[in-house]
Amino acid sequence: MSLYHPVDIGTLHLDGNLFLAPIAGYSDMAFRSLCVEYGASLCTTEMVSAEALVRGNKKTELLMRRAPNEKVYCVQIFGGNAQTIAEAPKIVLEKTDCDCIDINGGCPVPKITKTGAGSVLTKEPERLFSIVKAVKESSIEYTSLHPERGNVPVTIKIRSGWDSSNITWKECADAALKAGADAITIHARTKAQGYSGKADWEIQKRLVEFVAKRIPVFGSGDAFNPETAKLMLEQTGVDAVMFARGAMGDPFLFRRTKQFLTEGKYETETPKERLEAGLRELKMNVAEHGEKAACMLMRKKFCAYSSGIKGGARLREQIVNSRSIKDYEELFKQFL
């Protein structure tokens with residue numbers, strides 16, 4: 001099979017195997033739209049609090065909207081209480097037309113883990129089982145009452161373990177399988193590592209072998225460019241690559257990687273193309289949030305878009321002071 005190939009998650013068929021991870025502060029509707037345009041096969045929303053959904057938080061609902069050009073998309077939820085998270089899929093399916101629900105079992109950030117969510121699920125396979133089972137059963141219950149909705153697969157993203165003394169990926173995978181998960185994504189770092197050190201791709205390979213094609217396995221961690229994505233697919237046997245930090249400010253990564261996997265080479269976009277894409281993302285966000293909020297939001301994103309551009313350091317010093325579309329356009333005029 002070609003390294004670039006279709007993937008099935010339950011009844012959901014995807015044309016390719018290059019995914020955008022749920023990235024807090026980055027994978028909003030505007031950025032996902034660009035990633036899809038440049039070849040992402042599946043994008044996932046920023047993580048959504050099950051607790052906030054149950055409380056009816058409107059801001060949380062905004063995170064779940066589909067981009068106009070997304071043929072398929074996934075909503076990620078997090079929560080540490082099985083009873084509460086069981087209510088979340090019904091709300092997600094009522095409020096959106098998403099094609100998949102993902103459970104966050106990997107976020108290492110303290111404000112998430114202190115609620116019993118994120119990486120805590122990797123530490124406690126029993127809790128992971130109850131969470132996945134609750135979400136899966138809730139999704140099935142909702143779609144049985146609304147058959148026009150069709151089946152909506154449930155997936156989970158985990159880490160390799162809590163720390164080097166608690167490597168629990170196998171127990172977590174077993175729990176997820178028994179609870180009915182339709183796919184597993186693994187970020188092969190421990191919670192203690194955060195985003196430091198090196199991802200252990202050997203664990204990805206062993207997870208693929210353990211799952212033995214019962215469900216798809218997706219790999220995350222240290223796939224920053226087409227070359228490393230290809231190596232991950234070759235060395236671990238994962239069914240898909242999920243880009244996270246490598247995609248920040250670089251929606252073109254999906255186009256380059258698809259070209260590399262299918263043709264053995266790729267074209268690199270120009271600074272003009274990168275900054276024009278960023279301006280398009282800015283204008284989409286202005287339409288959603290208003291100019292002031294969008295321009296503040298895009299400061300960190302333009303710092304990522306300008307990475308690798310000659311004179312980028314000086315550019316970033318000025319980006320953090322930009323307050324309007326005009327400010328950004330004036331700042332990038334020399335490149336555009």
Side-chain angles (χ1 to χ4, degrees), residues 9-10 21-22 44 47-51 74 76-89 100-140 153-195 197 199-221 236-240 242 244:
I9 306 173
T44 303
M47 59 182 176
V48 174
S49 165
E51 189 78 38
C74 180
Q76 188 187 70
I77 58 176
F78 73 91
N81 180 284
Q83 287 183 317
T84 301
I85 206 168
E87 296 302 312
C100 182
I101 295 175
D102 185 56
I103 300 165
N104 187 315
C107 181
V109 177
K111 72 176 182 180
I112 303 299
T113 58
K114 73 179 182 182
T115 68
S119 293
V120 171
L121 303 190
T122 304
K123 183 182 182 182
E124 302 176 15
E126 301 85 0
R127 187 196 293 257
L128 183 148
F129 173 83
S130 66
I131 294 290
V132 175
K133 188 171 185 287
V135 174
K136 182 71 177 181
E137 290 179 348
S138 178
S139 175
I140 291 172
V154 172
T155 63
I156 183 165
K157 185 177 183 184
I158 64 171
R159 283 189 171 236
S160 54
W162 185 256
D163 55 30
S164 59
S165 300
N166 295 275
I167 302 299
T168 54
W169 61 267
K170 185 180 288 186
E171 292 84 354
C172 290
D174 188 51
L177 284 164
K178 289 176 178 175
D182 294 290
I184 299 175
T185 301
I186 182 162
H187 181 158
R189 284 183 171 87
T190 64
K191 184 270 180 190
Q193 281 182 281
Y195 299 96
D200 187 348
W201 287 2
E202 179 62 25
I203 285 177
Q204 290 185 356
K205 180 181 178 181
R206 290 167 63 193
L207 175 59
V208 169
E209 293 168 350
F210 176 75
V211 169
K213 298 191 180 299
R214 284 174 283 178
I215 59 175
V217 174
F218 310 138
S220 179
T236 71
V238 292
D239 296 284
M242 185 173 280

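Quick note: numbers below take in every heavy atom, side chains included, and nothing from hydrogens, waters or symmetry partners. For clarity, every value in this text was computed on a predicted model and none was experimentally measured.
Of all heavy-atom pairs spanning Thr236 and Trp201, the tightest one is CG2-O, 3.4 Å. Taking all atoms of both residues into account, the shortest heavy-atom contact from Ile77 to Ala88 is CD1-CB, 4.1 Å. Between Ile156 and Gly105, the shortest heavy-atom contact is CG1-N, 4.4 Å. Between Asp163 and Ala192, the shortest heavy-atom distance links the atoms CB-CB, 3.8 Å. Among all heavy-atom pairs drawn from Ala188 and Ser160, the shortest one is C-OG, 3.9 Å.
Rounded to the nearest 0.5 angstrom, Lys191 NZ and Cys107 SG are separated by 9.5 Å. Expressed to the nearest 0.5 Å, how far CG of Leu121 lies from CD1 of Ile103 amounts to 8.0 Å. With values rounded to the nearest 0.5 angstrom, Ile101 atom CD1 is found 5.0 Å from Ser139 atom OG. In this structure, NE2 in His187 is found 11.0 Å from OG1 in Thr122, a value given to the nearest 0.5 Å.
Residues forming a side chain to side chain donor-acceptor pair (under 3.5 Å) with Asp239 (at least two apart in sequence, or on another chain): none.
Distance alone, capped at 3.5 Å, is enough to place a donor-acceptor pair between the Thr190 side chain and the Gln193 backbone. Using a distance-only test at 3.5 Å, with no hydrogens or angles considered, a donor-acceptor pair links the side chain of Ser119 to the main chain of Gly106. A donor-acceptor pair is defined here as one N or O able to donate and one able to accept, closer than 3.5 Å; no such pair exists between the side chain of Thr84 and the backbone of Glu51. Judged by distance alone, the side chain of Thr113 and the main-chain N or O of Val120 form no donor-acceptor pair under 3.5 Å. Looking only at distances, a side-chain donor or acceptor of Arg189 sits under 3.5 Å from a matching main-chain atom of Gly197. Proximity of a side-chain donor or acceptor of Thr185 to a complementary backbone N or O of Lys157 within less than 3.5 Å is not detected.
Within the 4.5 Å cutoff, no side-chain heavy atoms of Glu87 are placed close to those of Ser138. Put simply, the side chain of Ser49 reaches to within 4.5 Å of the side chain of Phe78, judged on heavy atoms.
For the 3.5 Å distance criterion, the side chains of Asp102 and Thr155 qualify, holding a donor opposite an acceptor.
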Item checked: Derivation of the salt bridge (Lys or Arg N to Asp or Glu O under 4.0 Å) call for Lys178 and Asp174 -> CA-CA 6 Å; Lys178 289 176 178 175; Asp174 188 51; 3.0 Å; yes
For residues 124-136, which side-chain N or O atoms pair as donor and acceptor with protein atoms under 3.5 Å away, sequence neighbours left out?
from   : atom 1 : to     : atom 2 : distance (Å)
Glu124 : OE1    : Arg127 : NE     : 2.8
Glu124 : OE1    : Arg127 : NH2    : 3.2
Arg127 : NH1    : Gly80  : O      : 2.8
Ser130 : OG     : Arg127 : O      : 2.8
Lys133 : NZ     : Glu137 : OE2    : 2.7
Lys136 : NZ     : Asp182 : OD1    : 3.3
Lys136 : NZ     : Asp182 : OD2    : 2.7

Could you go through residues 202-220 and list every donor-acceptor pair under 3.5 Å that involves a side-chain atom there, pairing it with any protein atom two or more places apart or in another chain?
from   : atom 1 : to     : atom 2 : distance (Å)
Gln204 : NE2    : Ser220 : O      : 3.1
Arg214 : NE     : Val211 : O      : 2.9
Arg214 : NH2    : Phe210 : O      : 2.8

